[in-house]
Amino acid sequence: MKFMTTTNQASLDASMTNPTVGQKSLVVVGATGMVGGYAIRFALDNPAVNSVTSIGRKKLGISHPKLKEVLHQNFADGSALSDVLSGQDGAVFCLGTYTGSVSDAELHRITVDYTVEFSRVLSGSSPGAAFSFLSGNGADPTGRSRLAFARYKGEAENAVLAAGFPHVYLFRPAYIYPVEPRNEPNFSYRLLRTVYPVLRVLFPNQVIRADDLARAMVDLVLRQTHERQGLILENRDIRAMVESHVPLGNRLT
């Protein structure tokens with residue numbers, strides 16, 4: 001697999017301008033979360049998508065002719081999903097949790113083990129699928145970071161890349177602005193939400209809207225390129241993609 005960062009803007013441009021061929025079947029994991037919730041809505045509204053399979057532990061509470069919901073409780077064992085994942089053209093994987101909200105062991109289980117297992121089953125059922133993975137700013141695939149979140153996200157990235165998918169997109173957002181009101185997980189997130197208008201002006205490459213991030217993940221996984229590749233998209237790259245290639249007139253607010 002060819003592997004690059006999107007600092008090489010020409011590579012990103014080629015990925016985004018190449019038209020989607022035919023209608024696609026997508027699977028979204030973690031659609032009850034902030035980013036996953038937008039991803040499922042964008043996937044359902046996209047005319048290039050024929051069907052959307054949502055895999056999660058809870059019902060979404062929405063109805064759509066394209067939507068198929070699959071409730072799955074044990075993400076440590078995805079064997080039961082093999083038939084569901086057959087014939088998928090792409091996956092948008094947004095399953096995750098916040099640092100400090102669970103124990104270190106649970107953080108590793110959710111961040112790494114669940115990603116490894118889902119990648120294993122998906123690659124066995126749909127080896128040609130494209131994969132958009134919600135990683136995080138500072139993800140360290142070398143495993144040398146002192147931050148558990150960075151090490152675990154890096155380990156998960158390595159697992160997705162090793163699964164053999166022809167197209168892998170690793171999204172590394174910094175602060176994700178929720179857009180819609182919600183109960184913030186901790187004080188730090190409450191503070192960041194309050195100062196977001198200032199951060200957006202002074203440090204635009206350190207923030208991204210949740211809906212913009214989700215749309216980028218869906219749009220990119222729908223594109224087809226002629227060669228196998230993996231792309232790392234840092235926060236600045238996601239913003240550049242949104243501003244240059246995504247029609248924001250239809251952006252969810």
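Worth knowing before you read on, the calculation uses all heavy atoms, side chains too, and leaves out hydrogens, waters and symmetry mates. Index from 1, following the sequence.
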Check whether [X] and [Y] end up in the same hydrophobic cluster, where Ile, Leu, Val, Met, Phe, Trp and Tyr are linked by side-chain heavy atoms less than 4.5 Å apart.
X: Leu44; Y: Met217; result: yes
X: Val35; Y: Val49; result: yes
X: Leu134; Y: Leu60; result: yes
X: Ile176; Y: Phe149; result: no
X: Val121; Y: Val70; result: yes

Check your understanding: Side chains of Ser51 and Ser25: do they bring a donor and an acceptor to under 3.5 Å?
Key ->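 Yes, a side-chain donor-acceptor pair sits under 3.5 Å.
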Taking the side chain as every heavy atom from C-beta outward, state whether [X] and [Y] have any pair of such atoms under 4.5 Å apart.
X: Asn50; Y: Lys66; answer: no
X: Leu161; Y: Leu170; answer: yes
X: Leu122; Y: Phe93; answer: no
X: Tyr38; Y: Asp211; answer: yes
X: Glu155; Y: His108; answer: yes
X: Val242; Y: Arg215; answer: no
X: Ser79; Y: Glu117; answer: yes
X: Phe171; Y: Leu220; answer: yes

Considering all heavy atoms, the nearest [X]-[Y] contact:
X: Val160; Y: Val168; answer: CG1-CG1, 3.6 Å
X: Pro204; Y: Asn235; answer: O-ND2, 3.9 Å
X: Phe133; Y: Ala156; answer: CZ-CB, 3.6 Å
X: Pro173; Y: Ile208; answer: CB-CG2, 3.9 Å
X: Val221; Y: Tyr169; answer: CA-CE1, 4.0 Å
X: Ala159; Y: Val116; answer: CB-CG2, 3.5 Å

Straight-line distance of [X] [atom1] to [Y] [atom2], nearest 0.5 Å:
X: Glu106; Y: Asp113; atom1: CD; atom2: CG; result: 9.5 Å
X: Phe165; Y: Ser119; atom1: CZ; atom2: OG; result: 5.0 Å
X: Cys94; Y: Leu213; atom1: SG; atom2: CG; result: 7.5 Å
X: Ile62; Y: Glu69; atom1: CD1; atom2: CD; result: 6.5 Å
X: Leu231; Y: Asp237; atom1: CG; atom2: CG; result: 9.0 Å

Short side-chain to backbone donor-acceptor contact, [X] and [Y], under 3.5 Å:
X: Ser125; Y: Asp83; answer: no
X: Asp219; Y: Ala216; answer: no
X: Gln73; Y: Arg57; answer: yes
X: Gln206; Y: Leu202; answer: no
X: Gln23; Y: Pro47; answer: yes
X: Asp140; Y: Gly154; answer: no
X: Thr115; Y: Thr111; answer: yes
X: Arg151; Y: Ser145; answer: yes

Exercise for review: Check the angle between the aromatic planes of His72 and Phe75 and answer parallel, tilted or perpendicular using the 30° and 60° thresholds.
Suggested key: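 If you compare the ring of His72 with that of Phe75, the planes turn out perpendicular.
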Practice item. Could you check Val52, Val27, Thr53 and say which one makes a side chain to side chain contact (heavy atoms under 4.5 Å, CB included) with Lys68? Key: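 It is Thr53; the other options fail the test.
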**Study point:** By side chain to side chain donor-acceptor pair (under 3.5 Å) - contacts of Asp104 (at least two apart)
**Key:**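 For Asp104, the residues satisfying side chain to side chain donor-acceptor pair (under 3.5 Å) (neighbours in sequence not counted) are Tyr152.
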Exercise for review: Please report the C-alpha distance between Leu26 and Asn46 in whole Å, then the side-chain angles of each, then the deciding distance to 0.1 Å, and finally whether the side-chain contact (heavy atoms from CB on, under 4.5 Å) criterion is met.
Suggested key: CA-CA 11 Å; Leu26 294 187; Asn46 195 313; over 6 Å; no
**Study point:** CA sep, side-chain torsions, deciding dist, call: Ile55, Phe118, side-chain contact (heavy atoms from CB on, under 4.5 Å)
**Key:** CA-CA 11 Å; Ile55 299 178; Phe118 180 80; 4.2 Å; yes
